[in-house]
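In this chain, residues are counted from 1 in sequence order.
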Amino acid sequence: KLSELEITLLIYSALLHDIGMAVSETDIDAIRSDSFPFCEVKFSAMKKLMGDDEKLALQEYVRRIHAGLSGRYIRENLKDKLVVPKLPTLDFTQELAFICESHTQDYDWIKSRLRTNEVRGDFTFNPQYIAVILRLADILDIDGNRTPYNLYKLIAPQGVSDEEWKQHYVISNNEKIVFN
């Protein structure tokens with residue numbers, strides 16, 4: 001019983017929720033110089049926590065803020081594209097940005113930023129529901145099927161990234177939810 005806009009939001013959020021992991025060189029320079037305005041945590045503090053390993057500190061820093069960066073990317077780059085068909089002045093950018101940001105947040109954060117009933121033109125949608133579905137899907141999407149071994153070998157991640165990839169290979173239960 002999902003509306004067309006809810007299905008669209010589910011697909012877009014699945015595709016875009018981790019786009020904040022792709023950080024521009026400009027942002028990396030700002031992060032390294034402790035002048036990144038998007039996060040109150042200073043990179044120098046993160047670097048100190050990571051034993052002065054700059055690469056590891058940068059990976060961890062971005063991993064912690066990537067959901068917010070995904071929201072920023074959506075707001076800054078996709079507003080003109082996330083419009084209701086036949087009604088180009090009605091967009092759902094803010095809701096999609098919050099939905100993508102929500103995948104690393106708790107339910108109180110979701111409740112404070114997203115409502116349960118929104119209307120755009122002829123479409124109704126429940127952003128809170130979509131956010132919860134994205135969060136659950138993100139948590140449940142951990143197994144070897146998600147991270148093909150050939151891709152792992154090609155990328156050859158190191159440090160925390162290597163640990164993130166390897167955690168998927170120990171899960172052998174591909175059927176996360178089974179209906180009886």
Evaluate side-chain contact (heavy atoms from CB on, under 4.5 Å) for Ile99 paired with Tyr12, printing each intermediate quantity in order. CA-CA 10 Å; Ile99 289 167; Tyr12 282 174; over 6 Å; no
Might you work through the side-chain contact (heavy atoms from CB on, under 4.5 Å) test for Phe92 and Thr8, ending with a clear yes or no? CA-CA 10 Å; Phe92 49 93; Thr8 300; 4.2 Å; yes
As a quick check of understanding, evaluate side-chain contact (heavy atoms from CB on, under 4.5 Å) for Leu78 and Leu16, giving each step before the final call. CA-CA 11 Å; Leu78 301 178; Leu16 295 168; 3.7 Å; yes
CA sep, side-chain torsions, deciding dist, call: Leu9, Glu118, side-chain contact (heavy atoms from CB on, under 4.5 Å): CA-CA 12 Å; Leu9 285 164; Glu118 292 283 350; over 6 Å; no
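Atom CD of Glu54 sits in a crowded spot, with more than 12 heavy atoms from other residues, nucleotides or ligands closer than 6.0 Å. Other residues, nucleotides and ligands contribute at most 12 non-hydrogen atoms within 6.0 Å of the OH atom of Tyr129. Atom CG of Asp53 is surrounded by more than 12 heavy atoms from other residues, nucleotides or ligands within 6.0 Å.
The shortest non-hydrogen separation linking Phe98 to Leu114 is CB-CD2, 3.6 Å. Across all their heavy atoms, Phe125 and Ser3 have their closest contact at CB-OG, 4.3 Å. Between Ser70 and Cys100, the shortest heavy-atom contact is CB-CB, 4.5 Å. In plain terms, the two heavy atoms of Ala131 and Ser102 that are nearest each other are CB-OG, 3.3 Å. Nearest heavy atom pair, residue Leu90 against residue Arg120, reads CD1-C, 4.1 Å. The nearest pair of heavy atoms linking Ala57 to Lys47 is CB-CA, 3.5 Å.
Residues Met50 and Gln59 form no side-chain contact, since every pair of their non-hydrogen atoms from C-beta on lies 4.5 Å or further apart. You'll find the side chain of Ile11 reaches within 4.5 Å of the side chain of Ile7, heavy atoms only.
Ring orientation note: the planes of His103 and His66 are nearly perpendicular, at an angle over 60° on the 30°/60° scale.
Take Ala30 and apply the side-chain contact (heavy atoms from CB on, under 4.5 Å) test, not counting sequence neighbours, and it matches Ser35, Phe36.
To the nearest 0.5 Å, atom CG of residue Leu134 and atom OG of residue Ser13 are 4.5 Å apart.
Phe43 and Leu49 are members of different hydrophobic clusters when ILVMFWY side chains are connected at heavy-atom separations under 4.5 Å. Neither Leu15 nor Val83 shares a network with the other; the hydrophobic side chains, linked directly or stepwise wherever heavy atoms of I, L, V, M, F, W or Y lie under 4.5 Å apart, form separate groups for each.
Here side chain to side chain donor-acceptor pair (under 3.5 Å) pairs that include residues 104-114, with residues two or more places apart or in two chains, are Tyr107-Gln128.
With respect to Lys79 and Asp91, a salt bridge is recorded, a charged nitrogen being found less than 4.0 Å from a carboxylate O.
Put simply, the side chain of Lys42 gets close to the backbone of Asp34: a donor and an acceptor are under 3.5 Å apart. When atom types are taken as modelled, the side chain of Tyr61 and the backbone of Val41 share a donor-acceptor pair closer than 3.5 angstrom.
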